[in-house]
Protein chains: 2
Amino acid sequence: MSERSPANFERPLVTVDVAIFRALDGRLQVLLVRRGSGSDEPFPGHWAMPGGFVDVSCDASLEACALRKLREKTGVSTPYLEQLGSWGDARRDPRGWSATHAYFALVPVDELDVPHAEANAADADWHDVEGDGIREPLAFDHARILAAALERLRSKVEYTSLPAFLLPKEFTLSELQKAYELLLGRALEKSAFRTRILSTDLIVPVSRLREGPNRPAQLYRLRSRKTPIYFQRALSRPD
Amino acid sequence: MSERSPANFERPLVTVDVAIFRALDGRLQVLLVRRGSGSDEPFPGHWAMPGGFVDVSCDASLEACALRKLREKTGVSTPYLEQLGSWGDARRDPRGWSATHAYFALVPVDELDVPHAEANAADADWHDVEGDGIREPLAFDHARILAAALERLRSKVEYTSLPAFLLPKEFTLSELQKAYELLLGRALEKSAFRTRILSTDLIVPVSRLREGPNRPAQLYRLRSRKTPIYFQRALSRPD
DNA sequence: CCAATAGTGTCTGTTAGACAATATACA
DNA sequence: TGTATATTGTCTAACAGACACTATTGG
């Protein structure tokens, strides 16, 4: 029984999709693009996660493809980017058997390319995350993929430093705590949070303070803008 | 700028590969198949992980494809199966731009289909895992994928019940501890291990004992043969 | 009795959580 | 001064790790 050659197999469609998250004004947001309204395309006018077919001629790898799509939409080229998983079956795309490679990215608000975003404003926009998705329906099975991204994100918040990748270059401990609380959807105890963070080498103080109508706060920066910290203990699950 | 239609894109090759692990006599083993020796195929005669092209006509989904390959090689149809990730680039397969969806499975020795295995004995065999791979070279980038599977597996041992899926239907706490120690590569403290396991509802005692030339041991079974337990705290990382 | 493995008890160290106290800015 | 936020201290509970101890089988 010899293996069939690739030519004998009908090749599935291959796409890459990226769930891109940011935190703005205490809200978690995901970047979506509106699909063209041509009737020859599936889900015309629907919102979808940035993505599309792998371009064999220009994408060196799946990750390069995901980074390209992220850069095209946000101008950010070195985000936190993690492979989320792949979804492939006969029905998810009406054009045929298709498999998508899903990634998710966390981008700091201050690195977003504003002119770039405005140029794309017509067909791309940030949507508030509510629960395990957004209000409007999404194209394809993107609601399922977005839900999986949120589940992964929220799960990893319990034992990693992922929320830090949503923050600008310099931030205070309180701002980091607020990022955690945003993703967790619950409040954390200040003292325990600070000792937890400071007992690692996640952040290093910079010689500046955040001024305000109150006691100034120490500013910190991340030691690494790419690699998260893994904590030995997870935050306690509330009953 | 309208999206190009799928017909305008050269479609990558799409494959699924499965790293199938078992524990035998204190050794962790991975199932490999030998590739055909025809010169029209890449890596003739090399060992590779079970896998191959997605068959659009018979595979309903990627996971169904992985389960099919697992069942064909082992006879096991309900293993612990987890998606590991995907690897895709222009160079990993000499036949062209290809993307593989990698899974890993943990199978109990007592569920392996022995006649089935013997029928395939010529082209499939279990290989001892040594370090982050096996002794012999592997086809394609399977060494990299196997290393990733082992890294994921060993990482999750620290905070999940994954080793339990390597055990037969009924087992003792000592056998479970040995499975942990096999994957961790280090000894665990008995008392702490037992408290950790018994404080969850991972296992339930059955009304039988394992007899031997010593004090009999309580036998247990898993509460769920599919879903792992996640512990709140990881085992401590040795310095 | 001994050997071997199963199972328990006791102490220590770490750290999350709760809560209180103190510190430092501006108005 | 008051208000707001930053930062620290104290106590408790949970649990992993180390280690010692007891229990139960066969020989």
Side-chain angles (χ1 to χ4, degrees), chain A residues 26 155-161 163 167 170-181 183-220 229-239, chain B residues 26 156-161 163 167 170-181 184-220 229-239:
Chain A
S155 157
K156 292 187 89 163
V157 171
E158 307 274 355
Y159 60 97
T160 71
S161 63
L167 297 179
E170 296 186 352
F171 53 86
T172 67
L173 269 173
S174 294
E175 288 161 358
L176 180 57
Q177 182 174 349
K178 282 189 176 60
Y180 268 85
E181 292 172 339
L183 294 184
L184 286 170
R186 69 172 192 271
L188 292 178
E189 207 287 318
K190 187 167 45 167
S191 174
F193 179 79
R194 300 171 80 91
T195 36
R196 179 179 171 92
I197 299 294
L198 293 174
S199 73
T200 70
D201 59 354
L202 173 66
I203 57 179
V204 289
V206 299
S207 55
R208 294 210 301 141
L209 301 176
R210 166 130 318 154
E211 313 281 347
N214 44 33
R215 176 171 171 177
Q218 178 65 53
L219 282 167
Y220 296 87
I229 291 283
Y230 286 77
F231 293 99
Q232 198 67 17
R233 293 174 61 168
L235 296 167
S236 75
R237 297 186 250 258
D239 313 316
Chain B
K156 291 187 89 163
V157 173
E158 307 275 354
Y159 60 95
T160 72
S161 64
L167 297 179
E170 297 186 351
F171 52 87
T172 67
L173 269 174
S174 294
E175 287 161 358
L176 180 56
Q177 182 174 346
K178 281 189 177 57
Y180 269 84
E181 292 172 338
L184 287 170
R186 69 173 192 270
L188 292 177
E189 207 286 317
K190 184 170 49 169
S191 174
F193 179 79
R194 299 171 82 92
T195 316
R196 180 180 171 93
I197 298 295
L198 293 174
S199 71
T200 70
D201 59 354
L202 173 68
I203 57 178
V204 289
V206 300
S207 55
R208 295 211 301 138
L209 301 177
R210 166 129 320 151
E211 314 281 347
N214 45 32
R215 175 171 172 178
Q218 178 65 52
L219 281 168
Y220 296 87
I229 291 283
Y230 286 76
F231 293 98
Q232 199 66 18
R233 292 175 63 168
L235 297 168
S236 76
R237 296 185 252 258
D239 312 316

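In what follows, chains carry the letters A, B, and so on, assigned in the order in which the sequence lines appear, proteins first and then strands, with residues in each chain numbered from 1. All heavy atoms count here, side chains included; hydrogens, waters and symmetry mates do not.
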Check the distance between C/dT15's C1' and A/Tyr230's OH and give it to me in whole angstrom.
21 Å
What is the distance from CG of A/Leu219 to C1' of D/dT7, rounded to the nearest Å?
15 Å
With a non-hydrogen cut-off below 4.0 angstrom, is B/Ser174 in contact with a base, only sugar-phosphate, or nothing?
sugar-phosphate
In whole Å, what is the span from the CD atom of A/Gln177 to the P atom of C/dG17?
11 Å
Considering the options B/Leu173, B/Val204, B/Ile197, which one meets the side-chain contact (heavy atoms from CB on, under 4.5 Å) requirement together with B/Tyr220?
B/Leu173
Short side-chain N/O contact from B/Ser236 to OP1 or OP2 of D/dA16, under 4.0 Å:
no
Worked verdict on B/Glu181 versus B/Lys190 for salt bridge (Lys or Arg N to Asp or Glu O under 4.0 Å)
CA-CA 11 Å; B/Glu181 292 172 338; B/Lys190 184 170 49 169; over 6 Å; no
Gap between atoms CZ and P, on B/Phe193 and D/dC15 respectively (whole Å):
16 Å
B/Lys178 NZ to C/dA6 C1', in whole Å, measures 11 Å
Looking only at heavy atoms, the pair that brings A/Gln177 and A/Glu189 closest together is NE2-C, 4.0 Å
Of the listed nucleotides D/dA6, D/dC15, C/dG7, the one nearest the side chain of B/Arg233
D/dC15
Can you list everything that forms a salt bridge (Lys or Arg N to Asp or Glu O under 4.0 Å) with A/Glu211? Sequence neighbours excluded, please.
none
In whole Å, I'd like the distance from the CG atom of B/Leu235 to the C1' atom of D/dC15.
12 Å
Taking B/Arg196 first and then B/Glu158, would you say they form a salt bridge - that is, a charged N and a carboxylate O separated by under 4.0 Å?
no
Between A/Phe193 and the options A/Leu176, A/Leu198, A/Leu235, the side-chain contact (heavy atoms from CB on, under 4.5 Å) test singles out A/Leu176
Regarding A/Arg196, tell me which of base, sugar-phosphate or nothing describes its non-hydrogen contacts under 4.0 Å with the strands shown.
sugar-phosphate
Sugar-phosphate, base or nothing in reach of B/Gln218, heavy atoms under 4.0 Å:
sugar-phosphate
What is the distance from CG of A/Leu198 to C1' of C/dT15, rounded to the nearest Å?
14 Å
Side chains of B/Gln218 and B/Thr172 in contact at under 4.5 Å (non-hydrogen atoms):
no
Atom OH of A/Tyr180 and atom P of C/dG17: how far apart are they, to the nearest Å?
12 Å
For nucleotides 18-27 of chain C, read 5' to 3', which letter fits each nucleotide if B means a protein heavy atom sits under 4.0 Å from the base, S means only the sugar-phosphate is that close, and - means neither?
BB---BBBS-
